[in-house]
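Both counts, for ligands and for their atoms, begin at 1 and track the order of listing. Numbers here simply count residues along the sequence, with the first being 1.
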Amino acid sequence: MKRVIGIYSAPRQHWVGDGFPVRSLFSYQTHGRALSPFLLLDRAGPAHFEPADHARGVGEHPHRGFETVTIVYEGGVAHRDSSGGGGAIGPGDVQWMTAGAGIVHEEFHAESFGKRGGEFEMAQLWVNLPAKDKKTPARYQHLAKDNITVVPLADDAGHARIIAGRFGSADGAAETFTELNVWDIVLNSGAGADLDVPASHNLMLVVLRGEVRINGGQSVQASQMATFERESGSVKVEAVGGEAKILLLSGVPIDEPVVGYGPFVMNTEAEIAEVMNEFRSGKFGAV
Ligand code: MN
């Protein structure tokens with residue numbers, strides 16, 4: 001059985017633009033390489049929005065050197081970018097955006113959701129790229145809800161949506177640069193599951209809703225994350241006192257230095273300075 005290293009609570013909420021009330025479940029700034037290949041996880045909502053006649057969200061901003069994965073649970077997100085691309089991400093959909101060499105984009109509530117208002121809930125995960133792939137051309141993978149394999153858990157315990165990686169014989173929907181798993185799991189009230197990832201992976205379990213008990217012992221509640229030793233064996237999770245929604249994130253760590261500044265994540269200070277120069281001189285383009 002994989003042992004828990006620590007259980008961490010998200011700091012209090014902050015706003016990203018006027019559309020995303022966010023709690024940061026983890027960041028490379030605070031947790032460092034223990035999270036690699038993952039860099040950051042922001043969870044927006046759940047929150048209720050009244051109908052609005054203007055688009056709420058964040059205007060154009062750049063990214064380079066990593067990938068952003070936007071998982072929409074409720075509501076909708078619209079995006080546009082410097083390559084002329086754009087679209088909407090609806091409930092159950094995932095957008096896997098490789099910023100790579102650089103992109104400028106904007107992220108707003110989808111127009112129909114903004115006008116109607118209602119419940120909004122999403123998560124955005126940042127996934128690092130190895131140095132050799134940091135300048136790969138930017139691209140999107142739109143992972144529509146219907147194209148994400150749903151695996152029933154044993155003993156009717158719930159299900160796992162395999163956004164990336166592999167679960168038993170099921171392949172994840174996303175193509176990734178390094179070996180990793182992103183499983184979006186619902187555990188029925190009182191039910192449990194043994195989750196197995198390779199000993200070579202860093203492993204985090206993030207609770208989005210409800211409460212789970214880990215390995216028959218420690219409790220992890222909504223907006224908390226548990227990290228685990230890199231060792232063989234599985235992790236037992238049980239939903240306590242109601243349904244639980246969790247994200248399992250695991251992957252082979254990228255053993256390289258991480259130097260980030262805002263929306264840029266590279267390997268050295270010199271590369272960050274170079275990115276800033278390129279961005280200021282307009283080389284990233286505009287939406
Ligand atoms: Mn962005």
Side-chain angles (χ1 to χ4, degrees), residues 10 13-29 35 37-45 47 49 54-90 93-111 113-114 120-129 133-143 163-164 174 176-177 182 206 247 249 258-266 271-272 275-276 278-280 282-287:
Q13 176 185 296
H14 64 278
W15 281 84
V16 176
D18 62 355
F20 307 110
V22 160
R23 293 185 76 182
S24 294
L25 270 300
F26 63 75
S27 160
Y28 67 97
Q29 311 276 14
L35 307 176
F38 304 102
L39 294 167
L40 174 148
L41 179 68
D42 274 353
R43 183 196 187 205
F49 284 90
H54 76 287
R56 296 185 183 100
V58 280
E60 64 178 63
H61 59 278
H63 293 288
R64 176 185 277 184
F66 62 100
E67 303 182 290
T68 67
V69 180
T70 303
I71 305 168
V72 173
Y73 292 98
E74 289 190 88
V77 175
H79 67 97
R80 285 195 308 158
D81 72 75
S82 49
S83 75
I89 314 162
D93 297 341
V94 175
Q95 181 203 63
W96 197 289
M97 184 185 87
T98 305
I103 197 162
V104 173
H105 75 160
E106 57 180 35
E107 296 159 282
F108 286 100
H109 290 183
E111 192 180 352
F113 170 72
F120 184 88
E121 185 182 5
M122 62 165 260
Q124 188 170 85
L125 174 70
W126 289 14
V127 180
N128 205 3
L129 289 169
D133 295 318
K134 280 188 180 290
K135 292 190 178 172
T136 194
R139 69 155 180 176
Y140 295 102
Q141 299 174 68
H142 179 78
L143 312 175
I163 295 170
T176 65
F177 286 81
V182 178
V206 173
L247 272 179
L249 307 170
V258 175
V259 180
Y261 182 82
F264 308 123
V265 182
M266 305 300 291
E271 286 170 334
I272 291 294
V275 179
M276 303 279 286
E278 288 183 25
F279 178 60
R280 287 194 189 113
K283 283 190 187 153
F284 278 58
V287 172

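- Not counting sequence neighbours, the partners of Glu111 by the salt bridge (Lys or Arg N to Asp or Glu O under 4.0 Å) test are Lys115.
- Residues Val94 and Ile89 approach most closely at N-CG2, 4.2 Å, considering heavy atoms.
- Protein N, O or S atom count below 2.8 Å of the Mn ion (ligand 1): the structure gives 4.
- Of the inter-residue distances, the one linking Leu125 atom CG with Trp96 atom CH2 reads 6.5 Å to the nearest 0.5 angstrom.
- Asp18 places a side-chain N or O within donor-acceptor distance of the main-chain N or O of Gly57, the cut-off being under 3.5 Å.
- Side-chain N/O atoms of Asn128 and Tyr28 include no donor and acceptor closer than 3.5 Å.
- Counting all heavy atoms, side chain and backbone alike, Phe20 lies closest to Ala44 at CB-CB, 4.2 Å.
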